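As structure tokens, the structure follows; a few thoughts come after it.
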Amino acid sequence: EYNTNRNALFIGGLPCLIDFLTNEFNLNGGLRPEIKSDSTSTIVSFTIDKDGNVIEPKIESTTGNKGLENEALRVVSLTNNKWIPAISGGAIVNSIYRIHFFIIEKKLSDTYKQFKIGYKPIFD
């Protein structure tokens with residue numbers, strides 16, 4: 001039976017999306033000095049159009065780290081043409097997709113910090 005209603009899909013599925021984000025995200029591009037607390041996050045929302053293109057990526061909410069915001073927008077834009085559009089009522093439709101980007105600092109010693117990057121798609 002054909003699924004007549006589904007969200008947009010990243011080609012290869014959610015594990016491939018997380019791998020893509022992990023491989024493309026650049027924590028070293030001036031972002032580390034901007035991290036002033038033990039965690040920072042931002043949510044990026046964007047439209048996946050009927051052709052699988054990413055359009056109108058924007059920051060939906062943030063803790064205010066401009067470096068993280070810029071990098072999250074950059075990485076989301078790189079997913080262009082890597083989506084299978086959503087279906088509603090059997091018709092291909094535009095849809096909104098959200099990804100929560102977050103960085104958590106782990107202090108390993110007085111002089112060494114480790115940063116963990118995470119991504120979480122938000123499904124409504």
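Throughout, residue positions are numbered sequentially from 1 according to the sequence presented. A quick note: this is a predicted structure, and the numbers were derived from the prediction, not measured.
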Would I99 and K120 satisfy side chain to side chain contact (heavy atoms under 4.5 Å, CB included), going step by step from the backbone distance to the final call? CA-CA 6 Å; I99 301 175; K120 180 181 175 187; over 6 Å; no
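- With a 4.5 Å cut-off on side-chain heavy atoms, I11 and I84 count as touching.
- Between the N7 side chain and the A86 main chain, no donor and acceptor come within less than 3.5 Å of each other.
- Taking 4.5 Å as the limit, some side-chain heavy atom of K58 sits within range of a side-chain heavy atom of S45.
- A donor-acceptor pair under 3.5 Å is absent between the side-chain atoms of N53 and the main chain of D49, judged by distance alone.
- Of the inter-residue distances, the one linking F102 atom CZ with T42 atom OG1 reads 12.5 Å to the nearest 0.5 angstrom.
- Under a hydrophobic-cluster definition in which Ile, Leu, Val, Met, Phe, Trp and Tyr are linked whenever side-chain heavy atoms come within less than 4.5 Å, directly or via other members, I96 and L73 are assigned to different clusters.
- Proximity of I122 to I43: side-chain heavy atoms (C-beta onward) are separated by under 4.5 Å at one or more points.
- Expressed to the nearest 0.5 Å, how far CG of N26 lies from CD of E24 amounts to 9.5 Å.
- Taking all atoms of both residues into account, the shortest heavy-atom contact from Y119 to L21 is OH-O, 3.4 Å.
- L9 and I87 fall into different hydrophobic clusters, where Ile, Leu, Val, Met, Phe, Trp and Tyr side chains are chained together by heavy-atom contacts under 4.5 Å.
- Atom NZ of K116 and atom OG of S39 lie 15.0 Å apart (nearest 0.5 Å).
- Annotation for I92: atom CD1 does not count as buried by contact number, only 12 or fewer foreign heavy atoms lying within 6.0 Å.
- There is a path of hydrophobic side-chain contacts, each under 4.5 Å, that joins I117 to L17.
- Side-chain contact between F25 and E71 is present, with at least one heavy-atom pair separated by less than 4.5 Å.
- A pairwise comparison of heavy atoms in A8 and I48 identifies CB-CD1, 3.5 Å as the closest pair.
- Here the closest non-hydrogen pair linking P121 and Y97 is CB-OH, 3.7 Å.
- Judged by distance alone, the side chain of R98 and the main-chain N or O of E60 form no donor-acceptor pair under 3.5 Å.
- Interatomic distance, CG of L78 versus CG of N23, reported as 11.5 Å (0.5 Å rounding).
- A heavy-atom distance below 4.5 Å is found between the side chains of F101 and V44.
- With hydrogens and angles ignored, the 3.5 Å screen pairs no side-chain donor or acceptor of R6 with any backbone N or O of S88.
- Rounded to the nearest 0.5 angstrom, D51 CG and N81 CG are separated by 8.5 Å.
- In this structure, CD1 in I59 is found 11.5 Å from CZ in F46, a value given to the nearest 0.5 Å.
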T63 and S41: side chain to side chain donor-acceptor pair (under 3.5 Å), yes or no, with the steps? CA-CA 6 Å; T63 56; S41 69; 4.7 Å; no
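- Between the side chain of N65 and the backbone N or O of T40, no donor-acceptor pair lies under 3.5 Å.
- Closest non-hydrogen pair, F20 versus V75, comes out as CE2-O, 4.1 Å.
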